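What follows is one structure encoded as structure tokens, with my remarks underneath.
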Amino acid sequence: MTPQFVKILDVPFINTTRAAFIQTLQNRIEKKEKTFVVTANPEIVMATLDDEDYKRTLEKADFITADGIGIVKAAQLVGEPLPERVSGFDMMMDLLEAANQKQYRVFFLGAADHVLQQTLEKVKSDYPGIQIAGAQNGFFDWNDSVLPQMIKDSKPDLVFVALGFPRQENWIGGHIGQFNQGVFIGIGGSFDVFSGNVKRAPEAWQKLNLEWFYRLVKQPSRWKRMLVLPKFALTVIQKKALNKR
Ligand code: UDP
């Protein structure tokens, strides 16, 4: 039987295709089941090894999806392959499409204000069926209870949280208890890409699984963050060797 989850360094990834997962989320939206989705890459998995609080935050998630080729490769390596990447940006696009058709109420949280405004403009013009439940840029006072209350009152079906790692997981994990409904999903820098402020890798690069390399070339300042990738690979290999003994 295909396992429902594949554990990579103890982080349980949902074993699903993107299309099937989007259907799962839509079903939960229809039933008004509150849901916390983490789109996790190797950086996130590695963070759970060093940071107990962050690990506990991820344990609150209903679903963790494979947001990077590194996770898909690691699953192969441990002998429990995942069918494909289920990335935050791709899911945002699928969910916008679904929201447009079903007239879902969507709350947009995160990014610089001009990026957020451009995102909202594009949503209004390209997805006229969407009901914009509310929006807030990503530079707000975390101790202020106004934002959670505003989100709660807006009765959202879907909340995109684009605050980047680890802020978005910490924010959702810290507030999810206050909400009654909504699919909350962390999507990193997706508003920057959606609004055209940051370019995604050309499709050919994506198909070759070189999106990470494209990002490195475009934003060389990220190189330090990428050092986590070989460390991640080594840790997965070491753990596999230990388990074999
Ligand atoms: N961001 C934000 N609030 C913050 C810091 C960052 O909304 O306090 C936004 C940032 O503008 C960008 C997104 O979070 O749109 C992703 O940021 P980053 O590239 O640092 O995150 P990652 O690549 O880890 O997802």
Side-chain angles (χ1 to χ4, degrees), residues 2-3 5-9 11-25 37-49 63-98 111 115 119 122 126 160 162 164-166 168-169 185-241:
T2 322
F5 295 96
V6 173
K7 278 197 170 184
I8 308 289
L9 303 180
V11 176
F13 284 86
I14 180 166
N15 189 352
T16 182
T17 61
R18 186 171 117 208
F21 187 59
I22 294 295
Q23 193 52 57
T24 301
L25 292 183
V37 183
V38 172
T39 57
N41 58 18
E43 197 176 7
I44 288 186
V45 172
M46 291 307 279
T48 64
L49 301 182
F63 302 103
I64 301 179
T65 75
D67 180 46
I69 193 60
I71 301 295
V72 175
K73 292 274 181 215
Q76 247 169 30
L77 202 72
V78 299
E80 290 185 81
L82 290 165
E84 60 179 345
R85 274 182 76 183
V86 183
S87 81
F89 182 76
D90 291 332
M91 279 200 279
M92 172 176 158
M93 298 310 287
D94 292 345
L95 289 168
L96 285 174
E97 201 59 59
V115 171
T119 297
K122 194 166 153 71
D126 296 358
F160 290 121
F165 150 84
Q168 57 202 17
E169 292 77 29
I185 178 167
I187 53 166
S190 295
F191 293 171
D192 301 82
V193 177
F194 180 75
S195 62
N197 286 283
V198 170
K199 272 211 161 32
R200 209 181 175 195
E203 221 156 280
W205 290 56
Q206 288 182 39
K207 287 216 172 95
L208 290 169
N209 293 327
L210 287 174
E211 195 164 8
W212 63 273
F213 184 60
Y214 182 86
R215 281 186 97 178
L216 180 60
V217 174
K218 287 280 172 186
Q219 295 171 279
S221 59
R222 297 180 75 92
W223 73 270
K224 252 195 189 156
R225 290 178 55 173
M226 295 212 170
L227 291 179
V228 78
L229 292 173
K231 210 170 150 197
F232 169 72
L234 265 179
T235 315
V236 172
I237 291 166
Q238 271 168 356
K239 177 139 190 233
K240 188 184 171 195

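The shown structure was predicted, so the numbers you read here are calculated from the model rather than taken from an experiment. Numbering starts at 1 and runs along the sequence shown.
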Holding to side chain to side chain contact (heavy atoms under 4.5 Å, CB included), I want the full list of residues that pass it with [X], two or more places apart in sequence or in another chain.
X	answer
Val217	Phe213
Ala162	Ile187, Phe191
Thr65	Ile14, Phe21, Val37, Thr39, Val86, Met91
Asn197	His114, Val115, Gln118, Ser195

Counterpart residues, side-chain hydrogen bond (donor to acceptor under 3.5 Å, both in side chains), relative to [X] (two or more places apart):
X	value
Gln23	Asn27
Asp90	Ser87, Arg200
Glu169	Tyr54

Next item on the list: Would you check if the side chain of Lys240 reaches a backbone N or O of Leu77 as a donor-acceptor pair within less than 3.5 Å?
Entry: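 At least one qualifying donor-acceptor pair exists.
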
Next item on the list: Measure from the side-chain N and O atoms of Glu80 to the backbone N and O of Lys7, and report whether any donor-acceptor pair falls under 3.5 Å.
Entry: no

Please round to the nearest 0.5 Å and tell me the distance separating atom [atom1] of [X] and atom [atom2] of [Y].
X	Y	atom1	atom2	value
Phe63	Phe5	CZ	CZ	7.0 Å
Gln206	Ile69	CD	CD1	11.0 Å
Gln219	Arg225	CD	CZ	9.0 Å

Residues which pass salt bridge (Lys or Arg N to Asp or Glu O under 4.0 Å) with [X], listed by chain and number, not counting sequence neighbours:
X	value
Lys122	Asp126
Lys224	none
Arg215	none
Lys73	none

Notebook entry, point to check: Who passes ring-ring contact (aromatic ring centres under 6.0 Å, His included) against Phe232, sequence neighbours left out?
Noted result: none

